[in-house]
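Structure, as structure tokens:
Note that the structure is a prediction, hence the values are computed from the model and not measured. Naming: A, B, ... by sequence-line order, numbering from 1 per chain.
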Protein chains: 2
Amino acid sequence: MPGFLYYCVRNTSYIMMKENIQPTQAELEILQILWKKGPSTVREVNERLNDSQEKSIGYTTTLKIMQIMFEKNLLSRNDSQRTHVYAAEVREGNIQSALLDRFLQAAYKGSASKLALHLLGNHKTTPDELAEIKALIDQLEKNKPS
Amino acid sequence: MPGFLYYCVRNTSYIMMKENIQPTQAELEILQILWKKGPSTVREVNERLNDSQEKSIGYTTTLKIMQIMFEKNLLSRNDSQRTHVYAAEVREGNIQSALLDRFLQAAYKGSASKLALHLLGNHKTTPDELAEIKALIDQLEKNKPS
DNA sequence: CTTAAAATACGAAGAGCTTCGTACTAAATG
DNA sequence: CATTTAGTACGAAGCTCTTCGTATTTTAAG
């Protein structure tokens, strides 16, 4: 019997299962905070949420959403203390890629180059960033000179 | 009295008003069809919607959404005939840019270069497209050699 | 004229997300 | 021990989006 891990690695469904999840807007904002600050309590997240925005969000609102995220396995939770400590269970890059896939399909019907042109055309990018992107393109062209 | 047009052009609120609208998923799918096929009836849109997807969507569902889009001024409508003909009232590029702005902020906290790197790294891009992007970067670097 | 077919209008149900009030529980303070 | 304080759990309301059923109207066919 090949086993669960073997099966999952083979067809990548393990990654799919976890990283194909699409967090909602509120969930994403909480993830941003946890990605940046590391494991945090509900109160810490709630405060960070409130001082970075104009509108103020109630404590129990943040609590509820984080509880839901825990049930969805977006977060893990240490409840050995009375005050629970939550941590992101998904990686920033993976979630971003999953969201990007969906967005690219929905808004650009999958045309990555069109999106790229809009992106570079509309948004301020520093010379350093442009150079970085250029370097990546060069590398891609080398690897696939077909 | 400067007049409405003058006012709107001055502070760009005319464009904002219209292009800052964020169509929903279903609305976007309908817009895609209208952008591609031009003015169409509800039935045409509904059929196109159904043969390009697995799930089938009821006629009145499509009708309802298009009526709502008409109220939101996302679509215009010619009702001189019994069978109304709808057309997109917003430009594809403008909507895409508006969606991109929001997505960039939500998922990448505004870092266009990070998104670009993900985009080029994760998605198949043809050599032609890469060349096109490269050309744009060169142009940007020329215009801002600071 | 009657009937059938096709279109629009409209109301309402269902689902998911966000928000918060309230109840309950545990800890700290006096 | 009583009281205040801070935390979790939970239910439900409000919102938006999607979906469809039904009623109504208009056109075409018999």
**Message:** Applying a 4.0 Å non-hydrogen cut-off, can you work out what A/Thr24 is touching in the nucleic acid: base, sugar-phosphate, or nothing?
**Reply:** sugar-phosphate

**Message:** At less than 4.0 Å, is any side-chain N or O atom of B/Thr61 found next to OP1 or OP2 of D/dC20? Yes or no.
**Reply:** yes

**Item:** B/Glu44 CD to C/dA6 C1', straight-line distance once rounded to whole Å
**Value:** 14 Å

**Message:** Can you measure B/Leu63 atom CG to C/dG11 atom C1' for me and round it to whole angstrom units?
**Reply:** 13 Å

**Message:** If you only use heavy atoms from C-beta on, which nucleotide in D/dG7, D/dC17, D/dT8 is closest to the side chain of A/Arg82?
**Reply:** D/dG7

**Asked** If you check every side-chain atom of B/Lys64, which of C/dT19, D/dT18, C/dG11 has the closest atom?
**Response** C/dG11

**Message:** I need the CD1-P distance between B/Ile65 and C/dA9, as an integer number of Å.
**Reply:** 16 Å

**Message:** For a quick check of understanding: with a heavy-atom distance under 4.0 Å over all strands, which category does B/Thr60 fall into, base, sugar-phosphate or nothing?
**Reply:** base

**Asked** Are side-chain heavy atoms of B/Leu99 and B/Arg102 found at a separation under 4.5 Å?
**Response** no

**Asked** What about B/Arg43: does its side chain form a donor-acceptor pair under 3.5 Å with the base of C/dA7?
**Response** no

**Asked** Counting just side-chain N and O atoms, does B/Tyr59 come under 4.0 Å of either OP1 or OP2 of C/dT8?
**Response** yes

**Asked** Are A/Lys134 and B/Glu141 ion-paired here, with the side-chain N under 4.0 Å from a carboxylate O?
**Response** yes

**Distance, rounded to the nearest Å, where A/Ile57 contributes CD1 and C/dT18 contributes P** = 10 Å

**Prompt:** Roughly, in whole Å, what's the span from CG in B/Asn78 to P in C/dA7?
**Reply:** 16 Å

**Asked** Taking it one step at a time, do A/Asn122 and B/Ser97 satisfy side chain to side chain donor-acceptor pair (under 3.5 Å)?
**Response** CA-CA 8 Å; A/Asn122 293 353; B/Ser97 291; 2.8 Å; yes

**Prompt:** Phosphate oxygens OP1/OP2 of C/dA9: is one of them under 4.0 Å from a side-chain N or O of B/Arg77?
**Reply:** yes

**Item:** salt bridge (charged side-chain N to carboxylate O under 4.0 Å, His left out) contacts in which one or both residues fall within residues 33-47 of chain B, not counting sequence neighbours
**Value:** none

What donor-acceptor contacts under 3.5 angstrom involve side-chain atoms of residues 78-85 of chain A, with partners at least two apart or in another chain?
| from | atom 1 | to | atom 2 | distance (Å) |
| --- | --- | --- | --- | --- |
| A/Asn78 | OD1 | A/Ser80 | N | 2.9 |
| A/Asn78 | OD1 | A/Ser80 | OG | 2.8 |

**Asked** Starting at CE of A/Met69 and ending at C1' of C/dG16, how long is that distance when rounded to a whole Å?
**Response** 16 Å

**Request:** May I ask you to evaluate whether A/Gln67 reaches the phosphate of D/dA9, defined as a side-chain N or O under 4.0 Å from OP1 or OP2?
**Result:** yes

